[in-house]
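Each remark here refers to the structure printed beneath this line.
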Amino acid sequence: MDHSFLQGNDFVGITFWIVSIGMWAATLFFFYEGMRVSAKWRTSIVVAALITFIAAVHYMYMREYWVTYQESPIVYRYIDWVLTVPLQMIEFFLILVAVGAAVSANSFWRLLVGTLVMIIGGYLGEAGYIPAYIGFIVGMIGWAIIIWEIFGGEASKAAAANESVRSAFNAMRLIVLIGWAIYPLGYVFGYMMDGVNPGTLNGIYNLADFVNKILFGLIIWNVAVKDSSA
Ligand SMILES: *C/C=C(C)/C=C/C=C(C)/C=C/C1=C(C)CCCC1(C)C
């Protein structure tokens, strides 16, 4: 049973380990800080904590799976994403609601549809139900719907009109544009170069999750703390 513990030369396994601990630490931090900010910001911070919490639990299983089989924990990965990405979409609305801006539910539904198209496309491609490149195209269409909505849609107009959330909203959407671009890169290197490469794929996805869940939460925390002390 050599492979039931993390080995020193298993670099991808080490990234699984670091990200899982990072997610737990971020969760404790966000829950604690949520009690410190003013009441209208609490929900946003608690949702940031839930995102890292859900990821932390999944990372424990993914890490175990990787260390044992040296293969992609596809099902755990996608269950994590299907829960945490919609929560991140909700965050765009929560920060607007916290400062009293008006946005309709339609915009949220469009974001949710984009999220589901992106994740279901990626899952079907990775799990081998459809050819990898078709999963990629479907995933890119879903991501484009999300980008379209947060850069040109209703929520972005509401944010532009409000001084205290504008910078947070801008930073969060840059994460969706630039930070999220790491995932399709992982998919390309993992599935579309030369056969399947689970090491590269998971190393890149782990880095992406670290940036896109922890940094994303820290941006929200930063506006909440500033606005609470103002
Ligand atoms: C916390 C988890 C996050 C923010 C996950 C985000 C995942 C993506 C942005 C995935 C995107 C993909 C494409 C744009 C095309 C190829 C397939 C995916 C699913 C890897």
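When a ligand or atom number is given, it counts from 1 through the structure's own listing order.
- Taking every heavy atom of Gln88 and a limit of under 4.0 angstrom, the matching atoms of ligand 1 come to 4 (C).
- Taking all heavy atoms of Tyr123, Trp180, Tyr205 into account, the minimum distance to atom 20 (C) of ligand 1 is reached by Tyr205.
- In the vicinity of Tyr78, heavy-atom distances shorter than 4.0 Å reach the ligand 1 atoms 19 (C).
- Counting protein heavy atoms only, atom 5 (C) of ligand 1 is closest to Tyr183 CZ, 3.4 Å.
- For Phe216, the CZ atom is densely surrounded, since the number of other residues' heavy atoms within 6.0 Å is greater than 12.
- Summary of contacts: the protein heavy atom closest to atom 12 (C) of ligand 1 is Met118 CG, 4.1 Å.
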- Message: side-chain contact (heavy atoms from CB on, under 4.5 Å), that's the test. Do Ile51 and Phe30 meet it? Break it down for me.
- Response: CA-CA 10 Å; Ile51 291 168; Phe30 291 139; over 6 Å; no
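- The shortest separation from a heavy atom of Ile119 to ligand 1 is not under 4.0 Å, leaving the residue out of contact.
- For Tyr183, the OH atom sits in a packed shell: over 12 heavy atoms of surrounding residues, nucleotides or ligands are nearer than 6.0 Å.
- Asp10 and Arg63 are not joined by a salt bridge, as no carboxylate oxygen comes within less than 4.0 angstrom of a charged side-chain nitrogen.
- Within ligand 1, the atoms closer than 4.0 Å to a non-hydrogen atom of Gly122 are 17 (C), 19 (C), numbered from 1 in the order shown.
- The contact set between ligand 1 and Asp209, taken as ligand atoms under 4.0 Å from a residue heavy atom, comprises 1 (C), 2 (C).
- Atom numbering of ligand 1 starts at 1 in the shown order; those under 4.0 Å from a heavy atom of Phe136 are 15 (C), 16 (C).
- Listed for the Ser38 side chain is no donor-acceptor partner under 3.5 Å among the backbone atoms of Ser228.
- Among Phe136, Tyr78, Tyr76, the single residue meeting the ring-ring contact (aromatic ring centres under 6.0 Å, His included) criterion with Tyr123 is Tyr78.
- Interface atoms of ligand 1 facing Lys213, defined by a heavy-atom separation under 4.0 Å, are 1 (C), 2 (C), 3 (C).
- For Asp80, no heavy-atom contact with ligand 1 is shorter than 4.0 Å.
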- Message: Pair Asn206, Tyr59 - check side-chain hydrogen bond (donor to acceptor under 3.5 Å, both in side chains), show working.
- Response: CA-CA 9 Å; Asn206 292 354; Tyr59 262 88; 3.2 Å; yes
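- Side chain of Glu33 to backbone of Ile45: no donor-acceptor contact under 3.5 angstrom is found.
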